[in-house]
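For reference, the structure is listed below as structure tokens.
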Amino acid sequence: MERIVVGMSGGVDSSVAAMLLKQQGYDVIGVFMKNWDEQDDNGTCTATGDWNDVQEVCQLIGIPYYAVNFEKEYQERVFAYFLEEYKKGRTPNPDVLCNREIKFKAFLDFAMQLGAEKMATGHFVQKGDADGHSLLLKGADPNKDQSYFLYMLKEKQLARAVFPVGGMTKAQVRALAEEFGLPVSQKKDSTGICFIGERNFRQFLQGYLPLQAGEMQTQEGQVVGQHMGLAYYTLGQRKGLGIGGSGDGRSWFVIEKDLKRNVLVVAQGEDHPALYSRYVRASQLTWIGETPPAREGEPFQCTAKFRYRQPDQQVTAVYNGDELYLRSEDWQRAVTPGQSAVLYQGDICLGGGIAEEASREAMLDWVSILP
RNA sequence: UGGGGUAUCGCCAAGCGGUAAGGCACGGGACUUUGACUCCCGCAUUCGUAGGUUCAAAUCCUGCUACCCCAG
């Protein structure tokens, strides 16, 4: 009997995933990952409730369960990077790294040590196969597809993974949970940084990054307010600026973080040109498959998501080593350095990179590159 | 010191005798395994202040206060 270790968060999706695998006759082991240690106001660990849910669910399903601690790995491989990026004025996405480094590396290794053939998670993604090569496909529920967060995986990692709920809709998953009387069937979907959870983001950052207040200025250099530290803002941000009523009365948005001058550059109106770009340069490009969709320097068509849940955007892409250049058909709003650009062809997730800069104008000689 | 003007929510701003629009900001919620965006709801028993006229005033009258402008 094939053994599969399921990464269980205490949520509906991973609980149903474990249950389905058990039904299919696998030797299922549930494992709860603890990657962040934090006490809430009452002094109890915020992960305790989730661990309790995991235990309840596993007992109900009738599978053994364990908890494993990856706090150190998370700290070193994910959180350190997270803070470094903020210090550079960028806006990192820790969850894509968490998946590559923790869930599909540290945890995968752990699963193998438990004698498993495969690991499983409750991600809403599907797997495909092309001549024996694993493909990452979007989840069947277009509203819940989480392939964006898994683009950094390699096909070798993927080959070891199964996603039992990826072919279902969220509604179907909940219905199954309900049907089997899982105690978490009505549990609210979790959001926020994985393992760290929902919290006041500024308060959270304050504990790790020094505050350095400075000026908010327009592009023309007019001072329109004070900011409390560039790290607390991201491109395209509207809320939290606190400078309403000035200028022409429209909303203000962050259009640039000038680290050298410690100035937050803002502009008025959601349609301000500075919020939009068409060209994106990304680094740290990774392909899921061993064979990229095109050769270096050879432009190709695909779609991209510049943020989670964004509809596919038609782009022309070309890459050089781990540098990726994209030209979008449509204007893209607030493409932010540090955020990921994830590439697709149809339902296949190809991989992606981390945005370094976005521009209204070409940063490459596209005319000569394009056919 | 004369003359004129303006004072309505944190900011901007409707209102012109009939019982306080709207925008921005802010707060709450929804959405969401990053950060954002977006959407929904809330947000002045009160109109610088003290009186007066009137059935009824932010809206009319008077005093006071503050600020602005022009004269000096």
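Protein chains get the first letters and strands the later ones, always in sequence-line order, with residue 1 at the start of each.
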Give me, pair by pair, the N or O atoms of the protein and of nucleotides 38-40 of chain B that are less than 3.5 Å apart, along with how far apart they are.
residue : atom : partner   : partner atom : Å
rU38(B) : OP1  : Arg238(A) : NH1          : 3.4

Base, sugar-phosphate, or nothing for [X], non-hydrogen atoms under 4.0 angstrom?
X         : answer
Lys103(A) : base
Thr234(A) : base
Gly225(A) : nothing

With sequence neighbours excluded, residues passing ring-ring contact (aromatic ring centres under 6.0 Å, His included) with Phe124(A):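 Phe124(A) satisfies ring-ring contact (aromatic ring centres under 6.0 Å, His included) with no residue once adjacent residues are dropped.
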Protein-nucleotide distance (Ile243(A), atom CD1; rC26(B), atom P), rounded to Å: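 Going from CD1 in Ile243(A) over to P in rC26(B) covers 9 Å.
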Distance-only donor-acceptor test (3.5 Å): side chain Arg250(A), base rG23(B):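 In this structure, the two groups form no donor-acceptor pair.
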Is the phosphate of [N] approached by [X] (side-chain N or O, under 4.0 Å from OP1 or OP2)?
X         : N       : answer
Asn143(A) : rU32(B) : yes
Thr91(A)  : rA36(B) : no
Lys188(A) : rC31(B) : yes

Members sharing Met1(A)'s hydrophobic cluster (side chains within less than 4.5 Å):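 For Met1(A), no cluster forms, as it stays isolated from other hydrophobic side chains.
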Donor-acceptor pair between Ser147(A) and Asp145(A) side chains, under 3.5 angstrom: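 A donor-acceptor contact under 3.5 Å links the two side chains.
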